[in-house]
Number of protein chains: 2
Amino acid sequence: MFSKACEYGIRAAVYVALQSLDGRRVSVNEIAEEIDSPIAFTAKILQQLSRSKVIHSVKGPTGGFELDRTEMDTVKISTIVHAIDGDDIYVGCGLGLKECNAQKPCPLHDKFVDIRNDLKNMLENTSLYELATGLEVGLTYLKR
Amino acid sequence: MFSKACEYGIRAAVYVALQSLDGRRVSVNEIAEEIDSPIAFTAKILQQLSRSKVIHSVKGPTGGFELDRTEMDTVKISTIVHAIDGDDIYVGCGLGLKECNAQKPCPLHDKFVDIRNDLKNMLENTSLYELATGLEVGLTYLKR
DNA sequence: TCAATAAAGGATAATTTTGTCCTATTTATT
DNA sequence: AATAAATAGGACAAAATTATCCTTTATTGA
């Protein structure tokens with residue numbers, strides 16, 4: 001479904017959001033530790049998210065990653081998926097055809113579009129804030 | 001969503017089903033040509049589908065791949081996905097957690113399960129026959 | 001029996017994705 | 001100013017996926 005990079009990216013962003021709720025800025029090392037991901041690879045992904053303005057990064061001592069409260073509402077999971085995996089999941093054909101659309105559909109097109117719209121809506125309507133608060137109250141987990 | 005191998009596999013199987021409706025057995029070369037896929041790679045995938053009893057293969061001159069009419073109803077797209085990509089798409093966590101379930105869910109778990117069940121149901125309720133007939137009447141396409 | 005045809009299978013190559021390591025840059029603190 | 005902590009970024013390595021090539025096996029038909 002999502003690439004590994006994207007999975008780590010979502011988990012990392014949710015963790016950053018969670019800590020930002022408490023005003024804590026977090027380092028790559030802490031993030032990788034807390035979401036159980038490879039450190040250097042996670043650093044690359046955070047870089048990418050930072051470049052695409054999904055999260056903020058601050059260099060130097062006391063630096064790290066953070067999100068402000070309004071961004072947690074604005075940034076949806078779809079934002080992250082788009083920043084890392086591009087729009088394949090939203091526009092690509094389920095059977096890999098280059099030109100597949102309502103006019104010239106693949107055999108699975110109509111059924112696939114339905115599922116994908118549900119996925120798209122779900123991702124577009126789920127904010128980092130929503131997921132971070134679920135974590136905060138201990139309903140959900142980011143490791144293992 | 002699906003691997004390339006799986007995309008080719010589904011397209012190949014639908015084409016085999018389509019031709020089998022007319023009692024025609026088809027070769028790897030014809031299949032690859034008609035679904036616009038790499039020949040040798042497609043051969044590997046057909047081998048895999050044949051070994052897992054999704055389609056029949058016949059060696060020698062006049063040989064090729066075929067499906068009988070009852071199998072086209074029995075074989076669902078889920079059968080093919082399972083044979084090629086395994087059960088990742090059905091059981092894996094959306095965020096890549098090793099242990100993610102209702103008891104210890106990832107932040108996206110509940111929402112993800114809903115989408116995935118829809119996908120699962122769609123794949124389990126779509127037969128090769130259904131897709132082959134759509135192709136036959138010119139409603140759908142397997143190329144480009 | 002022989003030749004030709006088609007799938008099966010093994011070995012290997014190319015590409016993409018995932019992951020690591022090291023250096024550069026920025027910045028807070030002393 | 002010097003040091004140390006942290007992200008940024010480049011180069012590279014490992015693993016997985018995608019793809020190709022060649023040989024073997026089975027089978028048909030002349």
Side-chain angles (χ1 to χ4, degrees), chain A residues 1-13 15-16 19 24-33 35-67 81 83-86 88-89 92 95-96, chain B residues 1-13 15-16 19-20 24-67 81 83-86 88-89 92 95-96:
Chain A
M1 183 74 78
F2 306 128
S3 67
K4 272 287 163 201
C6 193
E7 290 175 358
Y8 296 147
I10 297 172
R11 278 151 62 190
Y15 183 74
V16 171
Q19 294 305 323
R24 291 192 62 233
R25 210 176 257 169
V26 285
S27 70
V28 173
N29 285 275
E30 177 178 339
I31 295 169
E33 169 69 23
I35 70 172
D36 193 31
S37 67
I39 300 181
F41 192 42
T42 304
K44 295 290 184 201
I45 296 159
L46 287 164
Q47 234 178 87
Q48 220 180 321
L49 290 179
S50 170
R51 273 195 301 256
S52 38
K53 316 284 185 196
V54 176
I55 58 177
H56 288 117
S57 77
V58 178
K59 279 186 169 185
T62 78
F65 296 89
E66 65 188 354
L67 267 160
V81 173
I84 300 177
D85 282 349
D88 292 21
I89 205 170
L95 299 187
Chain B
M1 183 74 81
F2 306 128
S3 68
K4 272 288 163 202
C6 193
E7 290 176 357
Y8 296 147
I10 296 172
R11 277 151 62 192
Y15 183 75
V16 170
Q19 294 305 322
S20 290
R24 293 191 63 232
R25 211 176 257 169
V26 286
S27 70
V28 172
N29 286 274
E30 177 178 340
I31 295 169
E33 169 70 23
E34 292 302 320
I35 69 172
D36 192 32
S37 67
I39 301 180
F41 191 43
T42 305
K44 293 291 183 201
I45 297 159
L46 287 164
Q47 234 178 85
Q48 220 180 321
L49 291 178
S50 170
R51 273 196 300 254
S52 38
K53 315 286 184 194
V54 175
I55 59 179
H56 288 116
S57 77
V58 178
K59 279 185 169 185
T62 78
F65 296 89
E66 65 187 357
L67 266 160
V81 173
I84 300 178
D85 282 350
D88 291 20
I89 207 170
L95 299 188

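None of the values given here were measured: they were computed from a predicted structure. In what follows, chains carry the letters A, B, and so on, assigned in the order in which the sequence lines appear, proteins first and then strands, with residues in each chain numbered from 1. Just so it is clear, the values below take in all heavy atoms, side chains as well, and ignore hydrogens, waters and symmetry mates.
Atom CG of N29(A) and atom P of dT7(D) are 7 Å apart (whole Å). One can place NZ of K4(B) at 17 Å from C1' of dT20(D), the figure rounded to the nearest angstrom. The separation between R25(B) atom CZ and dA26(D) atom C1' is 13 Å, rounded to whole Å. As a whole-Å value, the separation of F2(B) CZ from dT18(D) C1' is 18 Å. Atom pair H56(B):NE2 and dT27(D):C1' shows a separation of 17 Å (rounding to whole Å applied). In this entry the distance linking CD1 of I39(B) with P of dT18(D) reads 18 Å, nearest Å.
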For residues 55-67 of chain B, tabulate all N or O donor-acceptor pairs below 3.5 Å that involve a side-chain atom, not counting sequence neighbours.
| from | atom 1 | to | atom 2 | distance (Å) |
| --- | --- | --- | --- | --- |
| H56(B) | ND1 | E71(B) | OE1 | 3.3 |
| S57(B) | OG | S50(B) | OG | 3.4 |
| E66(B) | OE1 | R25(B) | NE | 3.1 |

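Rounding to the nearest 0.5 Å places CD1 of I31(A) at 12.5 Å from CZ of R11(A). The CD1 atom of I39(A) lies 11.5 Å from the CG atom of L46(A); values are rounded to the nearest 0.5 Å. Atom CG of L95(B) and atom NZ of K4(A) lie 10.0 Å apart (nearest 0.5 Å). One distance of note links CD of E7(A) with CD1 of I35(A); it measures 10.5 Å at 0.5 Å rounding. Atom CD of residue E33(B) and atom OH of residue Y15(B) lie 9.0 Å apart, to the nearest 0.5 angstrom.
Think of the region where chain B sits on DNA chain C: with heavy atoms and a 4.0 Å cut, that region ends 5' and 3' at dA4(C) to dA11(C).
For dT27(D), the OP1/OP2 oxygens have no side-chain nitrogen or oxygen of T62(B) closer than 4.0 Å.
The minimum heavy-atom distance between F2(A) and V81(A), with the atom names listed, is CE2-CG2, 3.9 Å. Nearest heavy-atom pair across L49(A) and G9(A) is CD1-O, 3.8 Å. A pairwise comparison of heavy atoms in S3(A) and I84(A) identifies OG-CG2, 4.3 Å as the closest pair.
Residues of residues 40-49 of chain B having a heavy atom closer than 4.0 Å to DNA chain D, listed by number: A40(B), F41(B), K44(B).
Considering only the side chain of F65(A), dA8(D) comes nearest among dT27(D), dA19(D), dA8(D).
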